[in-house]
Structure formats: structure tokens, C-alpha cells
Amino acid sequence: MSIPRRVLVIGGGASGSAITILLRRAGIAVDLIEARPDWNATTGSGITLQGNALRVLRELGVWEQVEASGFAYGSLGVTAPDGTLLFVKEDMRTGGEDLPATLGLRRPQLQQILIDAVRATGADVRLGTTAETLEQDADGVSVRFGDGTEGRYDLVVAADGVGSATRAAIGISETPEPVGMAIWRAPAPRPEGVTRTDLTFGGPAYIAGYTPTGGDTIYAYVVEANRDRKSIDPATYADEMRRLAERYGGAWPEISKHITDPAQVNYTGFDRLLVEGSWHRGRVVLIGDAAHCCPPTFAQGAAMSLEDASVLAELLTGGRDWDGELLQAYYERRIPRVRTVVEASVQLCRWQLDGVHDADVPGLIGRTMTVVKELP
Ligand SMILES: Cc1cc2nc3c(=O)[nH]c(=O)nc-3n(C[C@H](O)[C@H](O)[C@H](O)COP(=O)(O)OP(=O)(O)OC[C@H]3O[C@@H](n4cnc5c(N)ncnc54)[C@H](O)[C@@H]3O)c2cc1C
């Protein structure tokens with residue numbers, strides 16, 4: 001049987017960019033289509049990357065850029081609402097001893113690093129483009145794009161995120177479910193002395209925290225009960241977030257002063273999704289948030305998405321036939337680890353929503369991070 005050689009990647013986020021880079025490195029032709037004309041290069045405040053995410057970024061060849069742009073650290077502080085430091089916990093180095101435990105980075109910066117790396121591979125990138133129809137037969141997938149053009153592929157990788165249109169198009173009916181919480185996020189200048197993530201559980205909101213994303217920047221976040229998004233006027237986003245943030249002490253008064261521009265404030269609900277059984281139909285396979293997503297309580301969503309790309313690329317470039325057996329092997333390898341992360345991330349939310357005060361949070365964190373420390 002001849003080895004298929006042409007892949008369509010739908011979506012240019014972390015997972016789509018990662019698999020494009022890895023497949024191109026193996027000499028496979030890749031077309032990447034991305035719905036957003038700006039390729040998401042200017043949106044978002046910050047992201048927290050654990051060691052296991054950094055391990056994949058190193059595999060992609062972008063670790064030096066990530067390290068130079070971000071802010072690495074190795075512990076987590078827990079504070080009372082008034083800012084009193086309650087305790088500091090060392091973060092586990094889930095990517096191995098030669099990588100930091102954690103690194104904060106501005107989201108647009110991460111996206112730009114991945115965009116540059118994808119461009120350097122020579123992949124055929126088309127922005128502002130979606131796949132309108134996918135028709136499969138025994139040998140491949142025929143794709144009609146939004147602009148009327150067509151392509152023929154041996155494999156389609158659906159990396160189009162939590163709202164994946166491709167997932168629905170191939171008949172996978174699972175959809176994301178709200179967890180009952182939502183998060184306000186905003187970038188701000190880094191107050192002197194903020195050198196790691198500090199979290200407060202309780203107070204006016206469920207969680208308030210901040211993470212350095214570079215020498216001069218942080219992103220701050222406040223988690224509250226989910227509200228009907230439509231009931232909140234985007235023009236009031238900064239006021240809404242500041243109203244919650246102003247009631248915390250410590251570094252918060254300084255941070256709150258900079259939460260003034262509603263366009264810089266993002267409000268997002270927490271969702272849970274775990275597609276069960278398999279992540280492919282024929283020659284179309286899901287990776288990243290298209291297959292699974294979780295609240296960011298463990299900051300593992302992008303890490304799991306990057307790992308999907310790494311594992312799938314390893315299998316696709318390992319000399320095996322690209323058949324259902326290989327795609328099922330990809331699912332079987334990923335599902336126990338991803339399930340652990342999704343369930344633990346949701347569990348942390350449930351304990352807070354249910355007001356459980358004696359939950360074994362350190363135990364859950366320890367068990368989960370021990371799993372993700374293993375190679376994927
Ligand atoms: C509030 C919040 C905070 C988070 N914080 C963290 C964190 O700190 N650390 C962490 O590791 N993870 C975090 N995550 C999770 C992380 O953002 C995701 O897991 C990760 O972005 C998933 O990457 P992806 O490439 O699979 O999907 P996405 O990043 O969503 O990328 C999908 C891409 O596909 C494009 N697209 C969509 N539809 C189409 C289409 N039909 N055709 C073509 N292109 C399309 C989109 O424009 C986008 O560029 C957080 C998530 C949320 C909601």
C-alpha cells in the first residue's frame with residue numbers, strides 16, 4: 001500500500017500549528033486553512049504553560065523563542081482575599097528537569113511564534129478560509145473550500161477548536177457543556193514583586209489570580225458563576241472585572257488601576273468536552289479542543305492539545321499505514337491521560353461550586369500532575 005502524503009489541517013491554533021510543523025518536518029505536504037484572516041495573532045491576554053506543554057514546544061523547535069519572550073517560574077502562591085500569603089507550593093516539573101515547571105506568555109506572542117514556525121516549513125497556508133464540504137471515499141477526502149476551490153487529501157486533521165464545525169460535519173454529536181463558571185481576563189503591567197502565579201480561592205469571586213507573562217507584563221483573572229453573556233454589555237467589561245478585582249488585596253489594587261479598557265478584557269465561560277470511543281471518522285481526525293476541552297483550573301488545555309499533535313505526528317510518520325487502526329491507536333494512547341486532566345479540572349470547579357471546603361485539592365493536583373509528567 002502506498003503511503004499517503006497530503007494532509008489538510010483545519011485550524012491554525014496551537015494544535016493545528018504544531019501538527020503542521022511536525023508533518024512538514026517529515027516531508028509531508030500540508031495545507032493549513034484558518035478561518036480568521038488575522039490568524040489570531042493579536043487576540044488574548046496571557047497563557048500559562050506547564051512543563052509538559054513546553055516539552056512539545058521544544059520538540060517544535062520554538063523553545064528558545066518561547067523562553068526569551070515569556071516568564072518562567074517554579075512555584076504557586078496561595079493568598080487570602082486580603083493578599084496575605086498563606087503558603088507557597090513548588091510546581092512539579094512536568095516537562096522534565098531541564099525545563100521550567102511553568103512559564104507565562106502573552107497569547108499573541110505564542111501565536112506569533114507558532115505562525116513564524118509554520119511559515120518557515122513552507123506549508124501552504126490560507127487565511128480567512130473554511131472547509132464547506134468533506135466527502136470521503138476509500139482512498140481520500142475531497143474538500144470544497146469556502147472560496148469555491150477544491151482539494152483532495154489523504155487525511156484531514158480537524159484542529160478547529162472547541163466549537164469545531166468539522167466535528168459536527170463528520171457526525172460526532174458530542175458538544176461542549178457549560179461547567180457553571182466563567183472567567184474575566186485582562187493583561188496588565190507587572191507589579192514589582194509578582195514573580196509567579198498567585199491564586200486566591202474565595203472572596204468576592206471563586207478564584208482570583210495573576211500570572212507573569214514577561215518582564216513587564218502579567219495577565220490577571222477572576223472566576224465567578226457563569227452569567228448570561230448576552231446580558232453583559234461589552235462596553236462595561238472593564239468595569240465588571242474591576243468591580244470584582246478591587247475587593248482583593250495584595251497586588252490587586254495596583255493591577256485594578258490598569259483594568260480600564262473594555263476591549264482588553266475577555267469574558268469566557270468554562271466548558272467541558274470529552275469525545276469518547278474514537279476521535280476519527282474515516283480519514284478525518286480530531287485533535288486539541290475539537291476533541292476535548294476543560295476549565296483552565298490546571299492550565300492544561302493547550303498542553304493536552306500540543307501533546308495530541310505530537311502523538312498523532314509520531315504515529316503518522318512512523319512508517320505505518322494511515323488507516324483506521326492507526327487513528328484508533330492515537331485515540332487509545334491519548335484518552336486515559338486527557339480524561340484524567342478533564343475530570344480533575346472539572347472536579348476543582350465542582351468542589352468550589354458545591355462549597356466543599358475539606359476537599360483534597362493537594363492530593364488531586366499531585367495525582368494529576370504525576371500523570372502528565374509521564375511522556376505522552
Ligand atoms: C478561559 C480559558 C483559559 C485558558 N487558559 C489556558 C492556560 O492557561 N494554559 C493552557 O494550557 N490552556 C489554557 N486554555 C486552553 C487552551 O486555550 C486551549 O486548550 C487551546 O487553545 C486549544 O488549542 P487548539 O489549537 O486545539 O484550538 P484553538 O486554539 O481554539 O484553535 C482553533 C483554531 O481554528 C480556527 N477555526 C475555527 N473554526 C474554523 C473553521 N471552520 N475553519 C478553519 N479554521 C477554524 C480558529 O480561528 C482557531 O485559530 C484556556 C482556555 C480557556 C477557555
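Ligands are counted one by one from 1 in listed order, and the atoms in each one are counted from 1 as well. Along the sequence shown, residues are numbered consecutively beginning with 1. As the structure is a computational prediction, the values presented were derived from the model and not from experiment.
Under 4.0 Å from ligand 1, not a single heavy atom of Gln50 appears. When non-hydrogen atoms are compared, ligand 1 lies under 4.0 Å from the backbone of Thr129 (N, CA, C, O) but not from its side chain. If you look at Asn40 next to ligand 1, the close heavy atoms, those under 4.0 Å, all belong to the side chain. Contacts between Ser15 and ligand 1, counted as non-hydrogen atom pairs separated by less than 4.0 Å, involve both the backbone and the side chain. With a heavy-atom cut-off of 4.0 Å, Arg107 touches ligand 1 through its side chain alone.
Numbered from 1 in the order shown, with element, the atoms of ligand 1 that lie under 4.0 Å from a heavy atom of Ile183 read 1 (C). Short contacts between ligand 1 and Ala303, defined as distances under 4.0 Å to a heavy atom of the residue, involve ligand atoms 11 (O). Near Tyr219, meaning under 4.0 Å from one of its heavy atoms, ligand 1 places the atoms 8 (O). Close contacts between ligand 1 and Gly13 involve ligand atoms 25 (O), 31 (O), 33 (C), 49 (O) [criterion: under 4.0 Å to a heavy atom]. Here is the list of ligand 1 atoms found below 4.0 Å of a heavy atom in Arg36: 47 (O). Residue-ligand proximity, Ala14 to ligand 1, at heavy-atom distances under 4.0 Å covers atoms 25 (O). The distance from ligand 1 to the heavy atoms of Thr130 drops below 4.0 Å at these ligand atoms: 40 (C), 41 (N), 42 (N). Residue-ligand proximity, Gly288 to ligand 1, at heavy-atom distances under 4.0 Å covers atoms 26 (O).
A donor-acceptor contact closer than 3.5 angstrom links the side chains of Asp160 and Thr166. Under the 3.5 Å distance criterion, with hydrogens and angles disregarded, no donor-acceptor pair is assigned to the side chains of Tyr221 and Ser45.
Among the atoms of Ala290, none of the N or O lies under 3.5 angstrom from an N or O of ligand 1. Taking any N or O of Arg185, backbone or side chain, none lies under 3.5 Å from an N or O belonging to ligand 1. Considering backbone and side-chain atoms together, Ile287 places no N or O closer than 3.5 Å to any N or O of ligand 1.
A donor-acceptor pair under 3.5 Å is absent between the side-chain atoms of Arg24 and the main chain of Val118, judged by distance alone. A distance-only check finds a donor-acceptor pair linking the side chain of Thr94 to the backbone of Gly51 [under 3.5 Å].
Each of Glu150, Arg152, Gln136 was checked for a side chain to side chain donor-acceptor pair (under 3.5 Å) with Ser142, and the lone residue meeting it is Arg152.
A heavy-atom separation below 4.0 Å is found between Ala159 and ligand 1.
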Give the C-alpha distance, both sets of side-chain angles, the deciding distance and a yes or no for salt bridge (charged side-chain N to carboxylate O under 4.0 Å, His left out) between Asp91 and Arg196.
CA-CA 10 Å; Asp91 285 336; Arg196 59 162 186 252; over 6 Å; no

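Using cut-offs of 30° and 60° for the angle between ring planes, the His292 and Trp279 rings count as tilted.
Rounding to the nearest 0.5 angstrom, the gap separating the CG atom in Leu348 from the CG atom in Leu353 is 11.0 Å. If you take CG on Leu312 and CG on Leu23, they are separated by 7.0 Å, rounding to the nearest 0.5 Å.
A salt bridge links Asp239 with Arg242: the closest approach of a Lys/Arg side-chain nitrogen to an acidic carboxylate oxygen falls below 4.0 angstrom.
Counting heavy atoms only, Asp160 comes closest to atom 36 (N) of ligand 1 of the residues Leu49, Thr166, Asp160.
The cationic atom of Arg190 (NZ for Lys, CZ for Arg) does not lie both less than 6.0 Å from the six-membered ring centre of Phe71 and within 45° of the ring axis.
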